[in-house]
Amino acid sequence: MKTQSTIIISSKIEEKEANWPFLCEKISDVFRLTKQESNRLQQSQTAKLIAAIPYAASCKKPERSAFGNLCLYLAEKQSITGPGDHCQEDDVSVYERLRPFMNLEGGNSAVITHGMQILALIMLAGYNRSKMEDSINGIYNPLNTGTWDFEQLKEYLISAIQIYPCPELDKIISVMDSLFLIW
């Protein structure tokens, strides 16, 4: 039997699914993406999760939050180096670099936390995959400096994700998938 909160979350996810092509189209227009780049955005599980969090958490104005966070995500992705890059100040927490994505109005904090933990795991796994390349290119990586321990943080995040289950977000990205996705 569906509870009232399950019905609300389900309707928000359906709203997000209906808005996903619209959001991708608007983001593509703003960033003047090529057709190939636009298709990559639409297929990106990470981008889809970022857009889904405000809907799944029943935040106020979820479309505006999803759009803003997708703009931030794409700006970071398209910049080879820039203000969104990881820096030493971000080492205080695995969530520090994700704080701008947490600027959501209202919503279920457990769902938001679950989504951020998955994003943190994607980011951490990306740092692990790029360790050698980052070292060669002189790019700051907290795993190269020894500030962060990949295995320890990975175990922490996987355990933490289980504390706040959110099947709606897990349909987009599972914990295991998050270890292999590109930020």
Side-chain angles (χ1 to χ4, degrees), residues 9-33 36-80 82-86 90 93-130 153-154 157-158 160-161 164-183:
I9 289 174
S10 295
S11 70
K12 291 290 186 183
I13 291 294
E14 289 165 10
E15 179 184 345
K16 190 267 325 159
E17 286 299 325
N19 284 348
W20 179 240
F22 171 78
L23 285 169
C24 288
E25 179 184 329
K26 292 302 169 196
I27 292 290
S28 296
D29 289 347
V30 167
F31 284 89
R32 297 183 178 145
L33 300 181
Q36 183 180 10
E37 291 169 329
S38 184
N39 288 338
R40 249 193 328 264
L41 172 65
Q42 196 151 5
Q43 298 303 313
S44 169
Q45 289 174 276
T46 303
K48 198 175 248 192
L49 178 70
I50 288 168
I53 293 169
Y55 290 95
S58 297
C59 294
K60 294 178 184 173
K61 304 176 201 153
E63 185 176 77
R64 182 180 293 173
S65 295
F67 181 78
N69 282 348
L70 284 171
C71 283
L72 176 62
Y73 171 70
L74 211 56
E76 274 194 16
K77 240 178 125 43
Q78 290 195 333
S79 172
I80 293 174
D85 292 349
H86 192 102
D90 295 327
S93 166
V94 73
Y95 305 107
E96 189 65 26
R97 190 168 161 230
L98 298 174
R99 283 200 194 287
F101 294 97
M102 295 180 197
N103 191 18
L104 301 169
E105 196 174 343
N108 182 323
S109 62
V111 172
I112 294 167
T113 298
H114 184 88
M116 292 302 146
Q117 289 166 334
I118 292 172
L119 289 174
L121 191 55
I122 293 168
M123 182 181 67
L124 178 68
Y127 289 157
N128 193 51
R129 284 190 303 274
S130 67
L153 279 173
K154 179 180 86 170
L157 287 168
I158 290 172
I161 288 167
Y164 300 107
C166 182
E168 292 78 14
L169 294 179
D170 293 339
K171 287 178 190 172
I172 298 168
I173 298 178
S174 71
V175 171
M176 291 315 295
D177 287 345
S178 64
L179 293 170
F180 302 100
L181 291 174
I182 295 170
W183 173 256

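Heavy atoms only: backbone and side chains are in, while hydrogens, waters and symmetry mates are out.
- The shortest side-chain heavy-atom distance between Ile27 and Tyr73 does not fall under the 4.5 Å cut-off.
- Separating the CG atom in Leu121 from the CG atom in Leu157 is a distance of 5.5 Å, to the nearest 0.5 Å.
- Side-chain contact between Phe31 and Cys71 is present, with heavy atoms from C-beta onward closer than 4.5 Å.
- The CG atom of Leu104 sits 12.0 Å away from the OG atom of Ser58 when rounded to the nearest 0.5 Å.
- Interatomic distance, Met102 CE to Ser65 OG, rounded to the nearest 0.5 Å: 14.0 Å.
- Taking 4.5 Å as the limit, every side-chain heavy atom of Ile50 sits out of range of all side-chain heavy atoms of Leu72.
- When all heavy atoms are compared, the tightest approach of Ala51 to Leu70 is CB-CD1, 3.8 Å.
- Between the side chain of Gln117 and the backbone N or O of Ile158 there is no donor-acceptor pair closer than 3.5 Å.
- Between Arg99 and Glu96 there is a salt bridge, with a side-chain nitrogen of the basic residue lying less than 4.0 Å from a carboxylate oxygen of the acidic one.
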N/O donor-acceptor pairs under 3.5 Å from side chains in residues 174-183, not counting sequence neighbours:
from   : atom 1 : to     : atom 2 : distance (Å)
Ser174 : OG     : Asp177 : N      : 3.0
Ser174 : OG     : Asp177 : OD2    : 3.3
Ser178 : OG     : Val175 : O      : 2.4
Trp183 : NE1    : Glu76  : OE1    : 3.4

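- Within 6.0 Å of the OH atom in Tyr164, the count of heavy atoms belonging to other residues, nucleotides or ligands does not exceed 12.
- In plain terms, the two heavy atoms of Pro62 and Cys59 that are nearest each other are CD-O, 3.3 Å.
- Expressed to the nearest 0.5 Å, how far CD of Gln42 lies from CD of Glu25 amounts to 9.5 Å.
- Shortest non-hydrogen contact noted between Leu169 and Ala56 is CD2-CB, 3.8 Å.
- Taking 4.5 Å as the limit, every side-chain heavy atom of Arg40 sits out of range of all side-chain heavy atoms of Leu33.
- Scanning all heavy atoms of the two residues, the minimum distance from Lys154 to Leu124 falls at N-CD2, 3.5 Å.
- Scanning both residues, Phe101 and Met116, for their nearest heavy atoms gives O-CE, 3.3 Å.
- Rounded to the nearest 0.5 Å, atoms CG (Leu119) and CD1 (Ile53) are 4.5 Å apart.
- If you take CH2 on Trp20 and CG on Leu41, they are separated by 5.0 Å, rounding to the nearest 0.5 Å.
- By the 6.0 Å contact criterion, CZ on Arg64 is open, its count of non-hydrogen atoms from other residues, nucleotides or ligands being 12 or less.
- The minimum heavy-atom distance linking Ala66 with Tyr55 is given by the pair CB-CE1, 3.9 Å.
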